[in-house]
A.B. asks: 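Next up is a structure, given as structure tokens.
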Amino acid sequence: MSDFKAVQRTHTCGELRASDAGKTVRLNGWLHRWRDHGGLLFVDVRDRYGLTQVVFRPDILDRETMKLAGHVRAETVIAVEGVVGLRPEGMINTEMPTGEIEVVAGKLAVLNESKTPPFEIAEETTAAEELRLRYRYLDLRRNFLKDKLILRHKVCLAIRNYLSARDFLEIETPLLMRSTPEGARDYIVPSRTARGKFYALPQSPQLLKQMLMISGFDKYFQLARCLRDEDLRADRQPEHTQIDMEMSFVTMDDIFAVIEGLMQHLFKEILGIDLVIPFPRLTYAEAMSRYGIDKPDTRYGLTITDLSDIVAGCGFKVFAEIVAAGKTVKAICAPGQAGLSRKQVGQWEETAKSAGAKGLAYILYGADGPRSSIAKFLGPEIMQQIASATAATTGDAVFIVADDKTVCEGVLGRLRIEMAREWGLADPRRFEFLWVHAFPLFEYNPEIGRFDAMHNIVTSPYAEDLALLEEGRSTPLAAVDPHHPWARVRANQYDLVLNGTEIASGGIRNHRRDIQQQILNILGIDDERAERMFGFLLEALEYGAPPHGGIAPGLDRLVAVMTGSDSIRDVIAFPKTTAAQSLMDGAPAEIDDKQLHELGLAIVDKK
RNA sequence: GGGGUUGUAGUUCAGUUUGGUUAGAACGUCUGCCUGUCACGCAGAAGGUCGCGAGUUCGAGUCUCGUCAACCCCGCCA
């Protein structure tokens, strides 16, 4: 094939129609399937645009060409020249966009042969993901993945157009930067020119986009790669892409409005779906008490009800004593589940226990009256009150947890998700967005014996909570006490939740050095260390830093939801396994001794 | 770091509960036949380190222990 020009395609495999009949065309592509009738031979040629049927006819072609065509196998790269013909009466394939025509072959050239692929390049595959990841380039030939990457491209393009039209500037920030002691474990890159020193790959461009605000670029965005060396999940890869944004002179409402507009645009433009804006808002406290989680899936009910007042002083000692001790009794109502067997109820109790509950009480409101292991202690009146509080009617089941408020919420939140999954309560065709805001700024961490940033160390406190920062230094309350002043500081922090997935996170930042420094101090970073680690940020805040804030939607998670993917691996061209390995290229891999030597590194323990 | 699921022809699986003759099926591959198929059809053939390593046993795909990998979850992480 010395002269490819002579066989180069004139059309793609997805574009020929009946109106092209009579044209002489050339197609290039992969041989998808063949149907050899001994005389007649049909071949489907595939490229990313589609499939076109090519027919090889012995009455037209010489014996050599027929023989060659008869021996071409799956995934061979071929070039075909022929005449577009209308298919005979009754032979039209209405399943295919090109189904009205076929290319009557005149010439065939093999551009490259293919080994038998380890799995079929078919619409559906049952091949294990491990195998598909090893041969990712073959898996990407399948529409299943190909279409998702195409949709991802459209999302990226629409984001750029939308934000650019609203005066946002896309500005790149470095991948090699200094390690800062925040959040996740860093990926580290050794420096050759400064031996013994290291760059870190950014967990996000957080500080850099703040520097851009200080530079005066008041509307910034970037499709930014973010790297974190933490354990993986279906929705977590070591590198992911954020639609990173930051704005100056804005309030939370301004940022919500930009994101609501962006999401509305993306869903309309790409999926043809009309989103209703503005999105509902919940405070963190409301989300936790109603759903037991800070990223609730609001496509289904099963909300949490507080029963403490009802069961205070009731005949069931366990409940009464818990309430007397200042703890809580909470419940969720599962509609239509009164028929659960003893075994099924036991399985939910196991789930509750694994989530931290000591037990799980239940009341099954059957047609012949409520059934419950604690019915005789509660009595009919209390059970009636529980029914009306949880809006349970005949046929429903109520599950009750008694413990600390946070344990109750955590357990019932978990049960809620598991039950919705078990009973298929979440409608996959619905997209329910929700803002969660007013997070606590700090969270007590018993492991290290001090407060941690709940989200981000640069998030600003509510102005009316500023006094609590100082109050926390002299309070007689223990750090673990939920009424500790620092535990009560609310943050200008907000998350965007979509169908129970955290899709974006952001906040209004500290633009005053004194407040930022005070927060770092509370987080256990003294002035000396703050200077060393964040000196550049603190210094920049002293040169007229404007009020600013931002947000960063996760592109992978967003596209995963938009394409109905269970894992973000399906919307990433070359993802890694849960052990952060790339099965295709074998990364991570050892490097040469010479490379180690140049960097001044030695491997101490290979494990 | 912890819990769970899975691992048997190229691929997807059955066989493991109850250890016992030659480890099966489908798809794919190869050969032959077939002139309107489109998951073409028909006939035949080849194809196995039962993830890996120990152990128990007369005998292990099957039982025990360890180990590796993929996936899901907790911890961890935006």
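Values below: all heavy atoms of this structure, side chains included; hydrogens, waters and symmetry mates excluded. Throughout, protein chains are lettered first and strands after them, A, B, ... in sequence-line order, and every chain is numbered starting at 1.
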A.B. asks: Within the modelled atom types, does a donor on one side and an acceptor on the other bring the side chain of A:Asp44 and the base of B:C38 under 3.5 Å apart?
C.D. replies: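 No, no donor-acceptor pair under 3.5 Å.
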
A.B. asks: Under 4.0 Å, heavy atoms only, any strand: does A:Arg233 hit a base, just the sugar-phosphate, or nothing?
C.D. replies: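 If one applies the 4.0 Å heavy-atom cut-off, A:Arg233 turns out to touch a base.
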
A.B. asks: Decide whether A:Gln210 and A:His548 meet the rule of one side-chain donor and one side-chain acceptor closer than 3.5 Å.
C.D. replies: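 Distance-only check passes for A:Gln210 and A:His548.
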
A.B. asks: State which of B:U35, B:A70, B:C38 makes the closest approach to the side chain of A:Met91.
C.D. replies: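 For the A:Met91 side chain, the nearest candidate turns out to be B:C38.
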
A.B. asks: In sequence, state the C-alpha distance, the side-chain angles, and the governing distance for A:Thr65 and A:Asp62, and then conclude on side chain to side chain donor-acceptor pair (under 3.5 Å).
C.D. replies: CA-CA 6 Å; A:Thr65 306; A:Asp62 58 69; 3.0 Å; yes

A.B. asks: Using a cut-off of 4.0 Å on non-hydrogen atoms, how would the nucleic acid contact of A:Gln242 be classed: base, sugar-phosphate, or nothing?
C.D. replies: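 Sugar-phosphate: the residue A:Gln242, judged by heavy atoms under 4.0 Å, touches backbone atoms but no base.
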
A.B. asks: Could you work out the separation of B:A26 and B:U8 based on their C1' atoms and round it to a whole Å?
C.D. replies: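 The same atom, C1', in both gives a distance of 15 Å.
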
A.B. asks: I want to verify a distance call: between B:C72, B:G36, B:C77, whose nearest atom is closest to the A:Gln53 side chain?
C.D. replies: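 So the nucleotide nearest the side chain must be B:G36.
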
A.B. asks: Does A:Lys146 make a cation-pi contact with A:Phe144 (under 6.0 Å, within 45 degrees of the axis)?
C.D. replies: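 No - A:Lys146 does not lie over the ring of A:Phe144 by the 6.0 Å and 45° rule.
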
A.B. asks: Work out how far the P atom of B:U62 is from that of B:G51, and round it to whole angstrom.
C.D. replies: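 Straight-line distance between the two P atoms is 8 Å.
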
A.B. asks: With C1' as the reference atom in both, quote the distance from B:G7 to B:U21 in angstrom, rounded to an integer.
C.D. replies: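 Each nucleotide's C1' atom is 27 Å from the other's.
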
A.B. asks: Students often get this wrong, so: under 4.0 angstrom with heavy atoms, is A:Glu95 touching a base, only sugar-phosphate, or nothing?
C.D. replies: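 No contact at all - A:Glu95 keeps every heavy atom at 4.0 Å or more from the nucleic acid.
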
A.B. asks: For a quick check of understanding: with a heavy-atom distance under 4.0 Å over all strands, which category does A:Leu131 fall into, base, sugar-phosphate or nothing?
C.D. replies: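 Sugar-phosphate: the residue A:Leu131, judged by heavy atoms under 4.0 Å, touches backbone atoms but no base.
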
A.B. asks: Report which part of the nucleic acid A:Pro118 touches: base, sugar-phosphate, or nothing (heavy-atom distance under 4.0 Å, all strands).
C.D. replies: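 Sugar-phosphate, no base atom in range.
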
A.B. asks: Counting only Watson-Crick or G-U wobble pairs whose two distances fall under 3.5 Å, which nucleotide matches B:G48?
C.D. replies: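 Base partner found: none.
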
A.B. asks: Return the nearest nucleotide to the side chain of A:Arg236; candidates are B:C40, B:C76, B:U35.
C.D. replies: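 My answer, after comparing the listed nucleotides, is B:C76.
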
A.B. asks: Counting just side-chain N and O atoms, does A:Arg414 come under 4.0 Å of either OP1 or OP2 of B:C73?
C.D. replies: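 A:Arg414 to B:C73 OP1/OP2: no side-chain N or O under 4.0 Å.
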
A.B. asks: Give me the distance, rounded to whole Å, that separates B:A60 from B:C50 when you measure between the P atoms they each carry.
C.D. replies: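 Comparing P positions in B:A60 and B:C50 gives a spacing of 12 Å.
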
A.B. asks: Mind checking who B:A43 pairs with, Watson-Crick or G-U wobble, both distances under 3.5 Å?
C.D. replies: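 Across all strands, the one nucleotide that pairs with B:A43 is B:U31.
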
A.B. asks: Does B:U5 have a Watson-Crick or wobble partner in any strand here, with both distances under 3.5 angstrom, and which is it?
C.D. replies: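 Its partner is B:A70 (Watson-Crick or G-U wobble, both distances under 3.5 Å).
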
A.B. asks: Any donor-acceptor pair, under 3.5 Å, between the side chain of A:Glu102 and the base of B:G36, if you only look at N and O atoms?
C.D. replies: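 Yes.
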
A.B. asks: Expressed as a whole number of Å, how far does the C1' atom of B:U56 sit from that of B:C63?
C.D. replies: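 These two C1' atoms come out 8 Å apart once rounded.
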
A.B. asks: Students often get this wrong, so: under 4.0 angstrom with heavy atoms, is A:Phe119 touching a base, only sugar-phosphate, or nothing?
C.D. replies: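 A:Phe119: no heavy atom of the nucleic acid under 4.0 Å.
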
A.B. asks: Looking across every strand, which nucleic acid part, if any, lies under 4.0 Å from A:Arg87 by heavy atom: base, sugar-phosphate, or nothing?
C.D. replies: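 If one applies the 4.0 Å heavy-atom cut-off, A:Arg87 turns out to touch a base.
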
A.B. asks: Name the residue closer to the 5' end of RNA chain B, choosing between A:Gly39 and A:Asp495 according to the nucleotide with the nearest heavy atom.
C.D. replies: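 In this pair, the answer is A:Gly39.
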
A.B. asks: Counting the atoms with a prime plus P, OP1 and OP2 as sugar-phosphate, which does A:Ala355 contact under 4.0 Å by heavy atoms, base, sugar-phosphate, or nothing?
C.D. replies: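 Nothing, no heavy atom under 4.0 Å.
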
A.B. asks: What nucleotide among B:C38, B:U37, B:U29 has an atom nearest to a side-chain atom of A:His37?
C.D. replies: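 When the side chain of A:His37 is considered, B:U37 is the closest of B:C38, B:U37, B:U29.
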
A.B. asks: Of the listed nucleotides (B:U29, B:C30, B:U35), which one gets closest to any side-chain atom of A:Pro58?
C.D. replies: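 Between B:U29, B:C30, B:U35, the one nearest the side chain of A:Pro58 would be B:U35.
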
A.B. asks: Select one nucleotide: of B:A70, B:C76, B:G36, the one nearest the side-chain heavy atoms of A:Glu130.
C.D. replies: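 Among B:A70, B:C76, B:G36, the one nearest the side chain of A:Glu130 is B:A70.
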
A.B. asks: So which nucleotide from B:C71, B:C76, B:U37 ends up closest to the side chain of A:Arg569?
C.D. replies: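 For the A:Arg569 side chain, the nearest candidate turns out to be B:C71.
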
A.B. asks: Closest nucleotide of RNA chain B for A:Thr116 versus for A:Leu40: which of these residues is on the 5' side?
C.D. replies: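 Counting from the 5' end, the first nearest nucleotide belongs to A:Thr116.
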
A.B. asks: Rounded to whole angstrom, note down the C1' distance from B:C30 over to B:A9.
C.D. replies: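 15 Å, rounded to whole Å.
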
A.B. asks: My understanding is that a pair needs two contacts under 3.5 Å, Watson-Crick or G-U wobble. By that rule, which nucleotide pairs with B:U64?
C.D. replies: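 Because both required distances fall under 3.5 Å, B:U64 counts as paired with B:A54.
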
A.B. asks: Taking the basic N atoms (NZ, or NE/NH1/NH2) and the acidic carboxylate oxygens, is any pair closer than 4.0 Å for A:Glu230 and A:Arg185?
C.D. replies: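 Salt bridge present between A:Glu230 and A:Arg185.
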
A.B. asks: Side-chain N or O of A:Arg35 less than 4.0 angstrom from OP1 or OP2 on B:C40?
C.D. replies: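 Yes.
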
A.B. asks: Select base, sugar-phosphate, or nothing to describe what A:Asp36 touches, counting heavy atoms under 4.0 Å on all strands.
C.D. replies: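 If one applies the 4.0 Å heavy-atom cut-off, A:Asp36 turns out to touch a base.
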
A.B. asks: Between the side chain of A:Lys358 and the main-chain N/O of A:Asp403, is any donor-acceptor distance below 3.5 Å?
C.D. replies: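 Not a single qualifying donor-acceptor pair exists.
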
A.B. asks: Nearest of B:C77, B:C72, B:G28 to any side-chain atom of A:Glu230?
C.D. replies: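 Given the options B:C77, B:C72, B:G28, the side chain of A:Glu230 is closest to B:C77.
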
A.B. asks: When rounded to the nearest Å, what value does the distance between C1' atoms of B:G61 and B:C13 take?
C.D. replies: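 Result for the C1' pair: 14 Å, nearest Å.
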
A.B. asks: Between A:Asp20 and A:Arg17, is there a side-chain N and carboxylate O pair less than 4.0 Å apart?
C.D. replies: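 No salt bridge links A:Asp20 with A:Arg17.
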
A.B. asks: Okay, side chain of A:Asp36, backbone of A:Gly38: is any donor-acceptor separation there less than 3.5 Å?
C.D. replies: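 Yes, because the side chain of A:Asp36 sits within donor-acceptor range (under 3.5 Å) of the backbone of A:Gly38.
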
A.B. asks: For nucleotides B:U31 and B:A46, find the distance between their P atoms and express it as a whole number of Å.
C.D. replies: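 Their P atoms lie roughly 15 Å apart.
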
A.B. asks: Looking at B:U21, which nucleotide sits across from it as a Watson-Crick or G-U wobble partner, both distances under 3.5 angstrom, or is there none?
C.D. replies: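 Its partner: none found.
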
A.B. asks: Under 4.0 Å, heavy atoms only, any strand: does A:Ala74 hit a base, just the sugar-phosphate, or nothing?
C.D. replies: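 Since no nucleic acid heavy atom lies under 4.0 Å of A:Ala74, the category is nothing.
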
A.B. asks: Are any side-chain N or O atoms of A:Asp556 and backbone N or O atoms of A:Thr241, one a donor and one an acceptor, separated by less than 3.5 Å?
C.D. replies: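 Yes, the answer is positive, given that a donor and an acceptor are paired below the 3.5 Å cut-off.
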
A.B. asks: Looking across every strand, which nucleic acid part, if any, lies under 4.0 Å from A:Glu502 by heavy atom: base, sugar-phosphate, or nothing?
C.D. replies: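 If one applies the 4.0 Å heavy-atom cut-off, A:Glu502 turns out to touch a base.
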
A.B. asks: Using atom types as modelled and distance alone, determine if a side-chain donor or acceptor of A:Ser582 lies under 3.5 Å from a backbone N or O of A:Gly586.
C.D. replies: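 Flag not set: sc A:Ser582 to bb A:Gly586 has no pair under 3.5 Å.
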
A.B. asks: Report the nucleotide, chosen from B:C38, B:C72, B:C71, that has the shortest atom-to-atom distance to any side-chain atom of A:Thr577.
C.D. replies: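 Closest nucleotide to the A:Thr577 side chain: B:C71.
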
A.B. asks: Using a heavy-atom cut-off of under 4.0 Å over every strand shown, decide if A:Thr578 touches base, sugar-phosphate, or nothing.
C.D. replies: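 It contacts base atoms.
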
A.B. asks: Nearest to the A:Ala128 side chain among B:U12, B:A39, B:C38, which nucleotide is it?
C.D. replies: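 Closest nucleotide to the A:Ala128 side chain: B:U12.
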
